[in-house]
Amino acid sequence: MKMWSGRFRQPLDPEFEKWQRSFPYDQRLLPFELAASRAHANALEHAGVLTSKELSEIVKALAEIGQRAESAPEFLNDPEAEDVHHFVEKHLAARIGATGYKLHTGRSRNEQIATDLRLFVRYSIDTLQDLLGDWVESMLARAEAAGSASPPWAMPAYTHLQPAEPVLVAHWLLAYVEMFLRDAGRLADCRRRTNLCPLGSGAVAGATLSLNRQGMAAELGFDGPTANSIDATSDRDFALEFVDVLALLALHLSRWAEEMILFSTAAYGFVELPEAYSTGSSAMPQKKNPDLLELVRGKAARVMGCASTLRTLIKGLPLAYNKDLQETQEPLFDASDAVLGMLPLVTGFMNTVEFNHVRMNQAAQTGFMNAWAAAAYLVERGVPSRLAHEAVGKAVALAVERGSDLQKLPLADLQAIHARFDAGFHSCLELTEVLALHDVAGGTAPRHVKRALQNARERVAGLRPTKEPAIR
Ligand code: ARG
C-alpha cells in the first residue's frame, strides 16, 4: 500500500513511478530511519497513542527489519518501495499488521528525511574525524622524523613556483598539517549545528500531537530539538555545509597531491613514488605513474561539483519542503564516500613514500635562495633595506653572468658593488645560517620548527572523537 493513495483515482504512470523513487539510493539511510522510528514510537507511547504492548511489537519489528537487511541484503531489492520511509512502513505492516500503520501517527516523511540526513551527516563526520586523525598523524610523523635528523632536513620553498628560500622539510609538512587541522575544526563546527533533532516538526507546522521532543532528541544522541518546524523540514544547510567542508578538505588533498606529483618528476626528484600506490603504463615499460595522486586531484573536482549541486538545488526553493530536496541525497553521499575513500589511501601513501633528502638538501643550496639572507647581512651592517636589496640584486646578476653562486663571488667584486661587504659575508650564506635567520614564531628556524612540531602533536592528540557514534 502506498503512503498516500487515498486521494488518487488513477494509477501513476509506470515510468514516472519508477523514476521518482529514492529507495535505490536512500536505502543506505535505513539504520537511521529505524532508530528515528523507534524514538517516535516511544514518544507515541508516552503520549498515550500506543499501548505498551503495541510499542514493544513495533520496536521488535523495527529491529527485525534492521537485522534482515544486514543478514540478507537482497531484502533491499524492493521495486515497490518508494523511499526508505515507505519501505519500513510496508515491512512493519507485513510483520505486525495494522499496528504497523499506527507508527505514522502525527508524523510526516518531511521530518523523517530531515532527521535521517542529520544522523547520516553526524555519523559521517565522526567517521571522517577518525580517518582525518590518521592522515594528519602520518604527516606529522614524517615531519617529526625530518625535523629530528641532524642536521634537520632542508628543501627549497617556492613562490610563483620559483625557488624562494630554503626551509626545513618538517616546516613544509607542517603547512599541510595546519590545513587539515583547520578542516577538522570545520567538521566539528558543522557537527554542532547539525546535531539537532527535527522529529516533532511534522510536515511543516509541527506534529499533530503533543510529543516529547526533548525525549526523542535525547534518545537519538542529539543535543536538543530544532527550534522551528518550517525551517527544520526544509533546511539542508547542514548537508551543504558538510559538503562544503568536504570540498575544502578535498581541495587541500588536491594541492598536496599536485605538489607530490611535481616533486616526483625527474626534474625535481624529491619524492620516490611508492610502488604500492602507483601504476605502470601499458605502452611504455619504464613508467611509474602517480595514479593515486592524480585520482585524488580528480576526486576533488567531483566533491566540489557536489557542493555546487547542493547550493544550486537549494537557492531558489520557497519554504518549506519541496520534492527537489530529494536530490540532496546523492551528491551528499557521493561527496562523503569520495572523501572517506581517499583518506586511508593518502595515509598509506604518506607512510610509505620516500623522500630523497640528499637531493632536497642540494636543491636547498642552489638557485640563489640565500639572496635575502645576503641582503639581511648588509642591513645588519647599517645599509637601508632597499639599498641592500639593490646591492645583492647586482651581486646575483654578476653571479648569473659568471655561472657562479653568490657565496663563490670574490670579496673584491662584492666590494665594488657595495663597500659594506666584508669577510664575514660568505659564512652567512651557509644553509644552516640562512635557516636560523628566520628566527620568529611560525618561521623555519630549527628551534621554532621544533616548538611547532610539539604544538602540532598536542593538537593532533585532541582530534580524536571522545565517544562512540550514537547510531551504527
Ligand atoms: N523521499 C523523500 C525525500 O527524500 C522523502 C520525503 C517525502 N516527502 C513528501 N512530502 N513527498 O525527500
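Computed from heavy atoms alone, side chains included, the values below leave out hydrogens, waters and symmetry copies. Just so you know, ligand 1 is whichever comes first in the structure, and atom 1 is the first atom listed for that ligand. Since the model is a prediction, treat every value here as computed from it, not as a measurement.
No donor-acceptor distance shorter than 3.5 angstrom exists from the side chain of N42 to the backbone of V59, with no hydrogens or angles considered.
Scored by the ring pair (Phe, Tyr, Trp, His ring centres under 6.0 Å) test, F8 finds W4 as partners (sequence neighbours excluded).
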Residues 94-102 side chain polar contacts: donor-acceptor under 3.5 Å, at least two apart:
unit_1	atom_1	unit_2	atom_2	d
R95	NH1	E64	OE1	2.9
K102	NZ	E54	OE2	2.6

Please give the N or O to N or O pairs under 3.5 Å between ligand 1 and the protein, distances rounded to 0.1 Å.
unit_1	atom_1	unit_2	atom_2	d
ligand 1	1 (N)	S22	OG	3.2
ligand 1	1 (N)	D83	OD2	3.0
ligand 1	1 (N)	Q326	OE1	2.8
ligand 1	4 (O)	Q329	NE2	2.6
ligand 1	8 (N)	N110	OD1	2.9
ligand 1	10 (N)	N110	OD1	3.0
ligand 1	12 (O)	Y321	OH	2.5

Exercise for review: Could you go through the side chain to side chain contact (heavy atoms under 4.5 Å, CB included) check for M304 and L251 one step at a time?
Suggested key: CA-CA 8 Å; M304 286 173 213; L251 176 151; 3.8 Å; yes
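With no hydrogens or angles considered, a side-chain donor-acceptor pair links R107 and H104 at under 3.5 Å.
Applying the salt bridge (Lys or Arg N to Asp or Glu O under 4.0 Å) test to pairs two or more places apart or on separate chains, those with a residue in residues 281-296 are E272-K288.
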